[in-house]
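Right, one structure below, let's go through it.
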Amino acid sequence: MIVGRVTGNVVSSNKSEKLRNAKMLIVQTVDLSTMEMKDDYQIMIDDVGAGVGDLVFGAYGSSSRQSDTSKQFASDYTIYGIIDSVDLRGKRTYDKAEEEDPCNWQK
């Protein structure tokens with residue numbers, strides 16, 4: 001699984017028929033222990049209505065094509081959920097309800 005922050009959208013007028021009607025988002029991976037964003041990006045098919053600033057999790061490879069929606073797309077990365085909170089080793093490292101500025105990566 002991949003955890004990352006949605007940092008942008010991808011628009012493509014000319015694409016494979018297997019990607020028609022697919023919402024594509026740019027996701028920058030996040031280190032769960034520090035919540036720092038890594039210098040690593042994927043373009044992922046959105047299966048849950050995520051948007052810029054959301055912390056999301058998803059799958060890659062053949063696992064990314066296992067939902068009713070994603071199985072129709074030719075993609076190796078799919079967003080399967082928007083994260084509400086992360087508890088790691090008994091400590092809360094992320095809580096969406098307490099997040100003041102989800103797009104602080106823009107600063």
Side-chain angles (χ1 to χ4, degrees):
M1 290 229 149
I2 294 172
V3 174
R5 180 81 67 180
V6 178
T7 57
N9 299 287
V10 174
V11 178
S12 173
S13 299
N14 296 318
K15 57 189 166 204
S16 167
E17 190 61 37
K18 286 286 192 177
L19 288 174
R20 294 271 180 232
N21 302 317
K23 180 181 171 188
M24 297 179 287
L25 298 173
I26 300 168
V27 176
Q28 186 173 357
T29 56
V30 169
D31 182 327
L32 283 176
S33 59
T34 64
M35 295 310 294
E36 290 183 16
M37 296 169 71
K38 299 178 182 178
D39 193 23
D40 184 33
Y41 300 85
Q42 286 83 29
I43 296 174
M44 300 179 77
I45 301 297
D46 180 24
D47 204 18
V48 296
V52 172
D54 283 335
L55 189 67
V56 298
F57 68 89
Y60 59 93
S62 61
S63 297
S64 72
R65 296 179 297 278
Q66 298 302 312
S67 75
D68 289 338
T69 304
S70 64
K71 68 182 174 186
Q72 65 185 326
F73 297 123
S75 173
D76 276 342
Y77 294 93
T78 299
I79 296 170
Y80 280 135
I82 300 170
I83 296 174
D84 294 319
S85 64
V86 175
D87 294 327
L88 185 65
R89 297 182 193 101
K91 180 182 174 192
R92 177 136 309 171
T93 59
Y94 172 77
D95 193 328
K96 184 175 184 173
E98 295 177 5
E99 193 168 42
E100 294 178 19
D101 189 5
C103 293
N104 63 3
W105 50 268
Q106 293 175 330
K107 296 177 184 170

Is any side-chain heavy atom of Ile45 closer than 4.5 Å to a side-chain heavy atom of Lys23?
no
Distance, nearest 0.5 Å, that separates OG1 of Thr78 from CG of Leu25
11.0 Å
Flag side-chain contact, heavy atom, 4.5 Å: Arg89 against Ser33
yes
Heavy-atom side-chain contact between Ile79 and Met44 under 4.5 Å:
yes
Taking Gln28 for its side chain and Lys38 for its backbone only, find out whether a donor-acceptor pair lies under 3.5 Å.
yes
Contact between Val56 and Ile83 at the side-chain level, heavy atoms closer than 4.5 Å - yes or no?
no
Which heavy atom of Phe57 sits nearest to which heavy atom of Ile82, and what is that distance?
CE2-N, 4.4 Å
Are Thr7 and Met37 side-chain neighbours, meaning at least one heavy-atom pair lies under 4.5 Å?
yes
Would you call Lys96 and Asp54 a salt bridge, taking side-chain N to carboxylate O under 4.0 Å as the test?
yes
Tell me the closest heavy-atom pair linking Ile26 and Tyr41, and the distance in Å.
CG2-CD2, 3.9 Å
Sub-4.5 Å side-chain heavy-atom contact between Thr29 and Ile2
yes
Nearest 0.5 angstrom please: Tyr94 OH to Met35 CE, how far?
6.5 Å
Indicate, with yes or no, if Val11 and Ile43 share a hydrophobic cluster defined by side-chain heavy-atom contacts under 4.5 Å among Ile, Leu, Val, Met, Phe, Trp and Tyr.
no
Report yes if some heavy atom in the side chain of Glu99 is under 4.5 Å from a heavy atom in the side chain of Leu55; otherwise report no.
no
Asp47 to Tyr80 - nearest heavy-atom pair and separation:
OD2-CE2, 3.7 Å
To check you understand the geometry: which heavy-atom pair defines the closest contact between Met24 and Ser12, and what is its length?
CE-CB, 4.2 Å
Heavy-atom side-chain contact between Val27 and Arg5 under 4.5 Å:
no
Answer yes or no: is there a donor N or O on one side and an acceptor on the other, between the side chain of Asp46 and the main chain of Ala50, under 3.5 Å?
yes
